[in-house]
Amino acid sequence: MRMEQLVALCKRRGFLFQSSEIYGGLNGFWDYGPLGVELKRNVREAWWHNMVTAHNDLAAPAGAPEPYAMTGLDCAVIMHPQVWKCSGHYDLFLDYFVDCRESNRRYRYDQIAGRWVECDAQRVFVTSYQSGDDAAAEIEQKALKFFKLRAKDKDRLRWEPGVTTLDKVGETSRVVGPDAKSLGTLTAPREFNLMFETYTGAVRDESSKTFLRPETAQGIFVNFKNVLDSTRLKVPFGIAQIGKSFRNEITPRNFTFRSREFEQMEIEFFCRPDSSAAWYRYWRDRRFRWYVELGLAGERLRLRDHDPDELSHYSCGTADIEYAFPFLAPGEFGELEGVAHRGDFDLRSHMEGKLVRAGDDFAVETDEHGRPRYRGSGKDLSYYDDETQQRFIPHVIEPSAGADRAALAFLCEAYNEDEQPDEKGVAQKRVFLKLHPRLAPIKAAVFPLVKKDGMPEIAKDIYAALKPRFPAFYDEKGAVGRRYRRQDEAGTPFCVTVDSQTLADGTVTIRDRDTLQQWRVPKDACAEEIRARLG
RNA sequence: GCGGGUGUAGCUCAACGGUAGAGCAGUAGCCUUCCAAGCUACCUACGAGGGUUCGACUCCCUUCACCCGCUCCA
């Protein structure tokens, strides 16, 4: 399947529209249309139902170390700015970049290594985008090349001591870029802040600056104590939240995959430190199965454990659930969900202040006066276990899923083409969305075979009986084959048709979207018949 | 943000410095007894803003969006 076909179908049938399309669109933002809003609601509801509503707090599900409780939360998008300073987003989401006019490459400003060198009365800063010894070696090579010297003439280079980074140099006119041959090809550094800023209250100054959340997780951490104090929950338990997050991505791309406004479905699961590894494995496998059960069953879905050097600064174990989206190169996968073992990093950060790694542990980051760089709340977020009479800071397992990415993956997987004979027996191409019935926007369509003989009246009664129970659609226009095909394209799993036999014995046909098979049921039983097949 | 490409109807594609056309889709009606049938009629477009010109969809500039590559990606 080519991605353009799916994008065209999504627009044609009302799954997804570009945001503000009549004004030319806005990069990185998307709107869900009449069918899309139902699909996405179904994704959210399947997640919330499976993770929270239907969870039995008293029994351990298969693979879980012990019984655990699940509850929910719905936090504000805008939170106290200190939340983002302590979480690390304020510093880490703020990057400086320089571009090279010669190589057309972009570099992190603080990651360009370089060294001053002088030759023939010309002093330049030669750089490399490598790090450590690789950088030193490359800088030496590049300096020789820049001054057009042979290796044996390297004594003519007068090096100043120490490799440093470009951000310590300040200006770029005497800098040789990492992939450039000439001088001064780098632009001035430009700031990229991945957090959207806004101002709270009528006065716009530094003190009123706030941020749209770049993830929903922090709202859960800062409410950890509130939930504990208001619910009598005991560790282990999880708090779920679904909500919008915002990241001012440099390059939104690939349909809705990387959007600037997106919806997350996150669980923060709090457990005893000594059992956190077992819980991490449980959630990794449990979340993977969720996608499989909703239809991402093939080779395009995979579970991938991160390499140790790939882990985030807080994490001691992360696995991605990934899907081979059609817009990616063959063999490449895009992240649907990350399941991370976050240790006690988050709760400690909001107690003590922003943490940085110190050996195997973390310590509060300090400023030049030795005080915390960003002060925490000072509130005690530890947990007292009545049974063991121990106090500890719970460890956190975080399964963090993208609702829009999941919806997109389900659409990609559902897109199918086959050939079915038309009324003359000639094979015709058919496009259909093989969505899991739980995800399908419309569960059933009701048709009179023809628009006469009292069939529309019976069909309308059936429609009226279905509609209060699940999304249904009525259509009496044109040939029935065309009506079937339209529903196939919308992913409707079942079509109910009133025909002449209905007039005689009160039965109707039910047609299956994937197999095209039909069977008869009494017309009063078709709501229950369909309900039973919705899963 | 850089380089390359593309913007005409809901979709796929034409044409032309001087009245924008087709197929499919859609709507209405007729017909139709199970898989995009037929007939009739109808609806709908030059991404946006400037400039050149008597006249611009066409030429030029700017901008926006999409695609590919780079870059980035908790």
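Numbered from 1 within each chain, the chains take letters A, B, ... in sequence-line order.
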Quantified in whole Å, what is the C1' atom distance between nucleotide B:C70 and nucleotide B:C13?
32 Å

For the base of B:C34, is there a side-chain donor-acceptor partner from A:Y484 under 3.5 Å away?
yes

Classify A:D453 by what it touches in the nucleic acid, base, sugar-phosphate, or nothing, heavy-atom distance under 4.0 Å.
base

Check step by step if ring pair (Phe, Tyr, Trp, His ring centres under 6.0 Å) holds for A:F325 and A:Y323.
CA-CA 6 Å; A:F325 285 99; A:Y323 183 73; 5.0 Å; yes

Check every strand shown and say whether A:F257 touches a base, only sugar-phosphate, or nothing at a heavy-atom separation below 4.0 Å.
nothing

Walk me through it: do A:F255 and A:F327 pass the test ring pair (Phe, Tyr, Trp, His ring centres under 6.0 Å)?
CA-CA 9 Å; A:F255 205 22; A:F327 48 74; 8.4 Å; no

Whole-angstrom distance between B:U27 and B:G5, as gauged at atom C1'
37 Å

Using atom C1' of each nucleotide, how far apart are B:G51 and B:C67 to the nearest Å?
29 Å

Donor-acceptor pair, side chain of A:R485 and main chain of A:R430, under 3.5 angstrom:
no

Rounded distance (Å) that lies between atom P of B:A25 and atom CG of A:L9
15 Å

Would you say a side-chain N or O of A:K477 is under 4.0 Å from OP1 or OP2 of B:U27?
no

Taking the side chain from A:N416 and the backbone from A:F432, do they hold a donor-acceptor pair closer than 3.5 Å?
no

Base, sugar-phosphate, or nothing for A:K11, non-hydrogen atoms under 4.0 angstrom?
sugar-phosphate

Rounded to whole Å, OH of A:Y90 lies from P of B:A74 at a distance of 20 Å

Please answer whether the main-chain N or O of A:T216 pairs with a side-chain N or O of A:E266 as donor and acceptor at a distance below 3.5 Å.
yes

Report yes if a side-chain nitrogen or oxygen of A:R486 is closer than 4.0 Å to either non-bridging phosphate oxygen (OP1 or OP2) of B:G26; otherwise report no.
yes

Is the number of heavy atoms from other residues, nucleotides or ligands under 6.0 Å of A:Q517 CD greater than 12?
no

Sugar-phosphate, base or nothing in reach of A:Q18, heavy atoms under 4.0 Å
sugar-phosphate

On a heavy-atom basis, which atom in A:L39 and which in A:A407 lie closest, and how many Å separate them?
CD2-O, 4.2 Å

Distance test, side-chain N/O of A:K429 to OP1/OP2 of B:A36, below 4.0 Å
no

Minimal non-hydrogen separation, A:G114 against A:I139, with atom names
CA-CD1, 3.7 Å

Between B:C72 (C1') and A:L194 (CG): distance, integer Å
8 Å

Please give, in whole Å, the distance from B:A74 C1' to A:R247 CZ?
6 Å

Select base, sugar-phosphate, or nothing to describe what A:R253 touches, counting heavy atoms under 4.0 Å on all strands.
base

Report yes if a side-chain nitrogen or oxygen of A:R482 is closer than 4.0 Å to either non-bridging phosphate oxygen (OP1 or OP2) of B:G26; otherwise report no.
yes

Pairing partner of B:C30, by Watson-Crick or G-U wobble and under 3.5 Å for both distances, is B:G38

Whole-Å C1' distance, B:C31 and B:C39
8 Å

For A:K451, report the nucleic acid contact type (base, sugar-phosphate, nothing); a contact means any heavy atom under 4.0 Å.
base

By the 4.0 Å heavy-atom rule, please label A:D499 as base, sugar-phosphate, or nothing.
base

Spacing between A:W519 atom CH2 and B:C34 atom P, to the nearest angstrom
19 Å

Watson-Crick or G-U wobble mate for B:A65, both contacts under 3.5 Å
B:U6

So what does A:F432 hit on the nucleic acid, given a heavy-atom distance under 4.0 Å: a base, only sugar-phosphate, or nothing?
nothing

Selection from B:C35, B:C34, B:C70 that lies nearest to any side-chain heavy atom of A:R485
B:C35

Can you check whether A:N27 has a side-chain N or O nearer than 4.0 Å to OP1 or OP2 of B:C64?
no

Do NZ/NE/NH1/NH2 and the carboxylate oxygens of A:D512 and A:R533 come within less than 4.0 Å?
no

Between C1' on B:C68 and CZ on A:F327, what's the gap in Å once rounded to a whole number?
14 Å

Expressed as a whole number of Å, how far does the P atom of B:G47 sit from that of B:G10?
12 Å

Note: contacts of residues 503-513 of chain A with RNA chain B (heavy atom, under 4.0 Å) are A:T509, A:R511

Roughly how many Å is it from CD in A:E249 to C1' in B:A74, rounded to a whole number?
11 Å

Atom CD of A:E21 and atom P of B:A9: how far apart are they, to the nearest Å?
11 Å

